[in-house]
Asker: 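Structure below; questions to follow.
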Amino acid sequence: MKDVGREGTSSEDEEEDRQNLIHQNDSVKPTSNSHSFSPFHVDNSGFGSSMRQRFKMNKKRYLLVILILLLVVFLYFSLGSHNSSIWDVKLIKSPSDRMRESELKALYLLKEQQLALISLLNRTVGTSLTIGLNSSLNNHGNASGYLNLSEMPVEKSVFEDLKSRISDGIMLNKEIQKVLLSTHKNGNVSELSVENDDLVEGSMNICGKVDQKLSERKTIDWKPRSDKYLFAICLSGQMSNHLICLEKHMFFAALLDRILVIPSHKVDYEFHRVLDIEHINKCLGRKAVVTFEEFVEAKKKDLHIDRFICYFSEPEKCYLDEDHVKKLKSLGVSVPKLESPWEEDVKKPKKRTVEDVKDKFSSDEEVIAIGDVFFANVEKDWVMQPGGPIAHKCKTLIEPSRLIMITAQRFVQTFLGKDFVALHFRRHGWLKFCNAKNPSCFFSVPQAANCITRVLARANTPVIYLSTDAAESETGLLQSLMVIDGKPVPLVKRPSRNSAEKWDALLYRHGLEGDSQVEAMLDKTICAMSSVFIGSSGSTFTEDILRLRKGWGTLSVCDEYICQGEVPNIIAEEE
């Protein structure tokens with residue numbers, strides 16, 4: 001009897017293979033009746049044929065899927081797996097995300113604008129410094145003859161205004177960047193930093209130093225005759241006026257080939273306590289200046305003045321009143337009749353040249369005196385040069401004594417550091433003085449503070465040195481208003497003597513402590529050493545600081561007067 005066979009057309013080889021596969025499977029135990037029918041039997045031949053047909057049909061689809069996967073992998077590695085932002089794409093951005101993206105774009109554009117403004121400012125500064133610094137101020141009423149920042153030629157003032165406006169634009173740009181950046185503090189914003197270091201381009205800072213053009217300096221040699229003397233008479237104003245007067249006398253002495261005699265402290269200030277007289281002679285390489293005591297020694301008892309010439313004839317000759325005449329006579333100095341070579345009014349000084357001085361003041365007499373030349377308008381383009389009009393091998397001829405210089409350096413090292421702004425805030429008697437001028441130069445404390453903080457923002461310094469005669473009520477208010485980027489900027493004044501502090505030990509040991517003129521010169525020296533200086537317009541104290549800064553090479557392009565170019569927002573009525 002034959003076994004019941006399966007339906008289909010499978011070959012014997014396939015049947016044998018299936019039997020072998022079943023036999024090799026240890027988990028399946030064939031029964032004695034392996035070919036008997038079962039209700040759960042599946043036709044193997046039909047299933048295999050169906051699967052092969054489906055595989056052939058989907059083969060192209062599988063290949064397509066594999067190719068797509070390979071393309072994705074290729075793009076991933078070619079574009080860079082590190083750039084995660086490419087893959088972290090949101091199909092729909094929230095309003096906050098769009099705002100954040102806009103703020104970052106705004107920061108980028110502000111950064112580009114800031115760099116462009118800085119580049120323009122640097123080119124402007126470079127151009128403006130070549131105009132006006134060494135030019136004559138003869139068209140203006142600057143009596144002192146020194147660099148007066150409010151009396152620049154038109155071209156210079158235009159450049160100064162442009163420089164100021166560009167600087168203000170940069171500062172405003174910086175503030176906008178900071179506001180925008182404040183909402184992104186949690187992220188990595190190092191590339192969008194808006195620190196003040198950004199204001200440096202090509203190693204030039206916004207408040208860089210002025211190029212003094214020393215190679216173009218115009219000077220004369222001072223080679224005095226050993227038997228000819230010029231007696232300096234300086235009476236108008238206080239110490240700063242007298243120092244300016246003294247420097248002009250040096251110019252006159254050089255033009256007239258005479259030795260300059262420094263006035264005695266009995267008729268003038270004690271110059272030997274604040275100035276280094278011998279320093280002048282060392283810089284000149286010859287004996288051109290002598291103290292009154294040296295003059296007495298050279299002349300023995302013959303202390304007469306052969307001619308007493310007054311530069312100004314009006315309103316009074318030489319400012320020499322009876323009191324000063326008595327002081328001179330008490331020193332044994334005979335005083336001849338006062339004379340004036342021309343009609344000259346102190347209030348309207350005329351422009352004079354070197355030839356004018358030589359023609360009117362030359363004399364064969366041994367000793368002559370020239371009355372107060374502080375307001376003299378003689379060759380201002382020479383007088384206002386860095387280092388003055390006389391050829392010498394130092395930075396300046398008239399400068400603080402070495403004791404004061406070292407004391408100032410020690411103070412700066414102790415309290416201020418290398419970078420600081422110095423402020424001369426003149427107040428005592430300044431309200432009435434300034435209101436008599438048009439426009440007034442007296443500003444309320446809040447308005448002054450606003451002007452000062454603008455300069456501070458450009459200067460990027462951590463501290464201000466304050467030289468002032470203002471009352472504590474004004475300086476206290478000023479201090480409360482000195483705030484930059486939300487941080488207070490300290491105003492530092494010279495403290496009272498403290499034995500625990502050694503910065504002023506030299507003055508104490510040499511008996512110079514408490515001398516008001518020494519302290520004034522110390523203030524000037526500290527201010528002259530600052531990175532940026534803000535002065536009081538019309539003050540000869542400020543002008544003398546500018547003279548030193550020019551000579552020492554510390555004059556900054558950011559130096560200015562308080563609220564320069566502005567007018568007070570309120571002016572009191574006259575009495």
Side-chain angles (χ1 to χ4, degrees), residues 141-151 234-248 268-271 273-275 372-375 383-384 388 396-401 404-405 407-408 411-412 420-437 440-443 448 451-452 455 464-471 474-475 478 491-494 512 515-530 532-552 554-556 559-564:
N142 179 12
S144 67
Y146 292 115
L147 173 63
N148 189 314
L149 299 178
S150 65
E151 296 181 346
C234 297
L235 302 175
S236 61
Q238 300 182 8
M239 170 67 89
S240 296
N241 297 50
H242 287 224
L243 290 175
I244 294 172
C245 174
L246 199 60
E247 186 176 33
K248 289 187 176 182
D268 208 330
Y269 290 103
E270 296 184 80
F271 292 111
R273 294 172 70 87
V274 297
L275 301 178
D372 204 313
V373 295
F374 170 73
F375 292 104
V383 174
M384 68 178 289
T396 57
L397 287 179
I398 296 182
E399 66 178 23
S401 68
I404 294 176
M405 291 279 285
T407 301
F411 180 87
V412 170
F420 66 96
V421 170
L423 169 64
H424 175 225
F425 194 48
R426 173 70 185 273
R427 302 301 275 183
H428 181 68
W430 215 236
L431 176 59
K432 185 175 181 179
F433 171 84
C434 283
N435 281 358
K437 301 175 65 176
S440 173
C441 54
F442 190 89
F443 298 88
C451 298
I452 294 165
V455 178
I464 306 175
Y465 178 68
L466 178 61
S467 173
T468 185
D469 55 6
E474 292 189 63
T475 57
L478 184 65
L491 295 176
V492 177
K493 294 193 293 184
R494 282 187 299 104
L512 298 176
D515 187 313
S516 60
Q517 298 308 321
V518 171
E519 291 180 350
M521 183 59 77
L522 179 59
D523 259 14
K524 286 184 182 179
T525 308
I526 295 170
C527 289
M529 294 169 62
S530 64
V532 173
F533 173 64
I534 306 172
S536 294
S537 177
S539 168
T540 53
F541 190 95
T542 283
E543 295 305 315
D544 206 34
I545 292 171
L546 290 171
R547 176 186 66 83
L548 289 173
R549 288 178 66 76
K550 288 168 56 186
W552 292 349
T554 57
L555 191 70
S556 163
D559 285 9
E560 63 178 57
Y561 297 124
I562 297 171
C563 294
Q564 182 172 321

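Note that the structure is a prediction, hence the values are computed from the model and not measured. Residue numbers run from 1 in the order of the sequence given. Below, all heavy atoms of this structure are taken into account, side chains as well, without hydrogens, waters or symmetry copies.
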Asker: Assign the ring pair Y269 / H242 to parallel, tilted or perpendicular, where the plane angle (0 to 90°) is split at 30° and 60°.
Answerer: perpendicular
Asker: May I ask you to test the E399-T525 pair for a side-chain heavy-atom distance under 4.5 Å?
Answerer: no
Asker: If we ignore hydrogens and angles and just use 3.5 Å, is the side chain of D469 paired with the main-chain N or O of H428 as donor and acceptor?
Answerer: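 Yes, because the side chain of D469 sits within donor-acceptor range (under 3.5 Å) of the backbone of H428.
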Asker: If you measure from CG on D559 to CD on Q564, what distance do you get to the nearest 0.5 Å?
Answerer: 9.5 Å
Asker: With heavy-atom distances below 4.5 Å as the criterion, would you say the side chains of K524 and F541 are in contact?
Answerer: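 Sidechains of F541 and K524: in contact.
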Asker: About how many Å separate CD1 of I562 and CD1 of I452, when rounded to the nearest 0.5 Å?
Answerer: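 If we round to the nearest 0.5 Å, I452:CD1 and I562:CD1 are 5.0 Å apart.
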Asker: Is it possible for you to check whether R426 lies under 6.0 Å from the centre of the six-membered ring of F442, through NZ or CZ, and within 45° of that ring's axis?
Answerer: no
Asker: Determine whether a donor-acceptor pair (N or O, by modelled atom type, separation under 3.5 Å) exists between the side chain of T542 and the backbone of S536.
Answerer: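 Indeed, once roles are kept as given, a pair shorter than 3.5 Å links the two residues.
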Asker: Okay, side chain of S467, backbone of H424: is any donor-acceptor separation there less than 3.5 Å?
Answerer: no
Asker: With no hydrogens and no angle check, do the side chains of D372 and S236 hold a donor and an acceptor under 3.5 Å apart?
Answerer: yes
Asker: I want to check something: taking the side chain as every heavy atom from C-beta on, are L548 and C527 in contact at a cut-off of under 4.5 Å?
Answerer: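 They are not in contact (no side-chain heavy atoms under 4.5 Å apart), so the answer is no.
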Asker: Looking at side-chain heavy atoms only, is the closest gap between R494 and I526 below 4.5 Å?
Answerer: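 Sidechains of I526 and R494: in contact.
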Asker: Identify the heavy atoms of C234 and D268 that sit nearest to each other, and give their distance.
Answerer: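 That closest heavy-atom pairing would be O-OD2, 3.3 Å.
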Asker: Is there a side-chain contact between W430 and S539 (heavy atoms, below 4.5 Å)?
Answerer: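 W430 vs S539: side chains touch.
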Asker: I need the M521 CE to S240 OG distance, nearest 0.5 Å.
Answerer: 7.5 Å
Asker: Does CD belonging to Q238 count more than 12 external heavy atoms closer than 6.0 Å?
Answerer: no
Asker: Can you establish whether the number of heavy atoms outside K437 located under 6.0 Å from its atom NZ is more than 12?
Answerer: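 Yes, because the 6.0 Å sphere around NZ of K437 holds more than 12 heavy atoms from other groups.
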Asker: Taking all heavy atoms of R273 and all of V518, pick out the closest pair and write down the distance.
Answerer: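 Closest approach of R273 to V518, heavy atoms only: O-CG2, 3.9 Å.
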Asker: Using side-chain contact (heavy atoms from CB on, under 4.5 Å), reason through L243 and L275 one step at a time and then give a plain yes or no.
Answerer: CA-CA 10 Å; L243 290 175; L275 301 178; 3.7 Å; yes
Asker: Before giving the answer on side-chain contact (heavy atoms from CB on, under 4.5 Å), spell out for Y561 and L546 the whole-Å C-alpha distance, their side-chain angles and the decisive distance to 0.1 Å.
Answerer: CA-CA 11 Å; Y561 297 124; L546 290 171; 4.0 Å; yes
Asker: Closest heavy-atom contact between N435 and S440?
Answerer: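 Reported closest heavy-atom pair: OD1-OG, 2.7 Å.
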Asker: For the side chain of K248 and the backbone of F374, is there at least one donor-acceptor N/O pair under 3.5 Å apart?
Answerer: yes
Asker: Can you sort out the partners of F420 under ring-ring contact (aromatic ring centres under 6.0 Å, His included), two or more places apart, ordered by chain and number?
Answerer: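 Here no residue qualifies.
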Asker: Could you check if a side-chain atom of F425 sits within less than 4.5 angstrom of a side-chain atom of I534, using non-hydrogen atoms only?
Answerer: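 Not touching, per the 4.5 Å side-chain cut-off.
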Asker: If we only count heavy atoms from C-beta on, is the L491 to T475 side-chain gap below 4.5 Å?
Answerer: no
Asker: Between M529 and T554, is any pair of side-chain heavy atoms under 4.5 Å apart?
Answerer: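 The answer is no; the side chains never approach within 4.5 Å.
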Asker: Distance alone, cut at 3.5 Å: any donor-acceptor contact between the side chains of T540 and N241?
Answerer: yes
Asker: Between OG1 of T468 and CG of D523, what distance do you get to the nearest 0.5 Å?
Answerer: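 Reported value, rounded in 0.5 Å steps: 9.5 Å.
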Asker: List in chain and number order the residues that pass side chain to side chain donor-acceptor pair (under 3.5 Å) with S530, two or more places apart in sequence or in another chain; answer none if no residue qualifies.
Answerer: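 By the side chain to side chain donor-acceptor pair (under 3.5 Å) rule, S530 matches R549.
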Asker: Please walk me through it: do L555 and F533 pass side-chain contact (heavy atoms from CB on, under 4.5 Å)?
Answerer: CA-CA 8 Å; L555 191 70; F533 173 64; over 6 Å; no
Asker: Just verifying a value: how many Å separate F443 CZ and R427 CZ, rounded to the nearest 0.5 Å?
Answerer: 10.0 Å
